[in-house]
Student: 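Attaching a single structure in structure tokens format; questions to follow.
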Amino acid sequence: MDDDVIDVTPENARPGGEAARERDDSLKSWSWVSYALHLIVALSAVVPGAQGGVTLLLIALVMDLAKKEDAQGSWQESHFVWRIRSVIWAGVLYVLTAPLFFLLFVPGYLAWAVISVWFLYRIVKGMVRMSAGRAMNL
């Protein structure tokens, strides 16, 4: 009797198979939509008079939180974590500098401008790495 092991795993269930590619493509689509929403908000924060709205940012954040688990173990997980951390840190920094903004307009405005540029930088950096198919360095 021959003791050879026969692999009966369907082709589309193997790592790198069709199912993995579909999952990867789906996560990329979600990520691009999220990055686009983040970019609109980030540009709105940097360009005077433009209003992207907190609503778009919250939609993107909820999307990222909902899909982060689906990306677990893949290179795209780092992008979900990157965007979530970017929003949380920007929010914390805006809240911490809010009293400065309301008490002394110019220093507060400058602080918020720096935070906004930093947030825009993080989103663009994430988009560039996503386009290249690379994970974020967390």
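All values reported here derive from a predicted model rather than from experimental measurement.
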Student: Measure the NZ-CG distance between Lys68 and Asp70 for me, rounded to the nearest 0.5 Å.
Tutor: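 The distance works out to 12.0 Å.
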Student: Carefully, step by step, assess Leu120 and Leu39 under the rule side chain to side chain contact (heavy atoms under 4.5 Å, CB included).
Tutor: CA-CA 7 Å; Leu120 177 61; Leu39 185 63; 3.7 Å; yes
Student: In a table with atom names and distances, give each donor-acceptor pair under 3.5 Å that connects a side chain of residues 99-117 to protein atoms at least two apart or in another chain.
Tutor:
| residue | atom | partner | partner atom | Å |
| --- | --- | --- | --- | --- |
| Trp112 | NE1 | Thr97 | OG1 | 2.7 |
| Ser116 | OG | Tyr94 | OH | 2.5 |
| Ser116 | OG | Trp112 | O | 2.8 |

Student: Is there a path of hydrophobic side-chain contacts, each under 4.5 Å between heavy atoms of I/L/V/M/F/W/Y residues, joining Leu58 to Leu65?
Tutor: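 No, it is not one cluster - the side chains of Leu65 and Leu58 are not joined through contacts under 4.5 Å.
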Student: Side chains of residues 82-93: which donor-acceptor pairs under 3.5 Å do they make with residues two or more places apart or in other chains?
Tutor:
| residue | atom | partner | partner atom | Å |
| --- | --- | --- | --- | --- |
| Trp82 | NE1 | Arg122 | O | 2.9 |
| Arg83 | NE | Ser34 | OG | 3.1 |
| Arg83 | NE | Asp64 | OD1 | 3.1 |
| Arg83 | NE | Asp64 | OD2 | 3.0 |
| Arg83 | NH2 | Ser31 | OG | 3.4 |
| Arg83 | NH2 | Asp64 | OD1 | 2.9 |
| Ser86 | OG | Trp82 | O | 2.8 |
| Ser86 | OG | Arg122 | NE | 2.6 |
| Ser86 | OG | Arg122 | NH2 | 3.3 |

Student: Can you check whether Ser74 reaches Leu27 side chain to side chain, under 4.5 Å on heavy atoms?
Tutor: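 Side chain of Ser74 against side chain of Leu27, heavy atoms only: contact under 4.5 Å found.
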Student: Run the side chain to side chain contact (heavy atoms under 4.5 Å, CB included) test on Ile40 and Ser44 for me, step by step, so that the C-alpha distance in whole Å, both residues' side-chain angles and the decisive distance to 0.1 Å come before the verdict.
Tutor: CA-CA 6 Å; Ile40 291 167; Ser44 297; 4.3 Å; yes
Student: If two hydrophobic side chains count as joined below 4.5 Å and joins carry through other members, does Trp118 share a cluster with Val128?
Tutor: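 Both belong to a single hydrophobic cluster.
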Student: Is any side-chain heavy atom of Gln76 less than 4.5 Å from a side-chain heavy atom of Asp24?
Tutor: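 Counting from C-beta outward, Gln76 and Asp24 do come under 4.5 Å.
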Student: Using atom types as modelled and distance alone, determine if a side-chain donor or acceptor of Arg129 lies under 3.5 Å from a backbone N or O of Arg134.
Tutor: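 No, the answer is negative, given that no donor and acceptor are paired below the 3.5 Å cut-off.
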Student: Any side-chain heavy atom of Val124 within less than 4.5 Å of one from Phe119?
Tutor: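 SC-SC contact between Val124 and Phe119 ruled out.
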Student: Same cluster or not: are Val54 and Leu61 linked, directly or through other Ile, Leu, Val, Met, Phe, Trp or Tyr residues, by side-chain heavy atoms under 4.5 angstrom apart?
Tutor: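 No, no single cluster joins them.
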Student: Under 6.0 Å from the NZ atom of Lys67, do we count more than 12 heavy atoms belonging to anything else shown?
Tutor: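 Atom NZ in Lys67 is crowded, with more than 12 foreign heavy atoms closer than 6.0 Å.
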Student: Give, for atom CD1 of Ile123 and atom CG of Leu43, the distance between the pair rounded to the nearest 0.5 Å.
Tutor: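 One gets 10.0 Å once the value is rounded to the nearest 0.5 Å.
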Student: Out of curiosity, Thr55 OG1 to Leu37 CG, how far, rounded to the nearest 0.5 Å?
Tutor: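 Answer for the OG1-CG pair, Thr55 versus Leu37, is 11.0 Å.
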Student: Which ring pair (Phe, Tyr, Trp, His ring centres under 6.0 Å) pairs, counting each pair once, include a residue from residues 17-46, with sequence neighbours left out?
Tutor: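 Ring pair (Phe, Tyr, Trp, His ring centres under 6.0 Å) check on residues 17-46 returns Tyr35-His79.
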Student: Are Val62 and Leu57 joined in one hydrophobic group, where the rule is that I, L, V, M, F, W and Y side chains link up if heavy atoms are under 4.5 Å apart?
Tutor: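 No; tracing contacts between hydrophobic side chains, which count when under 4.5 Å, never links both residues.
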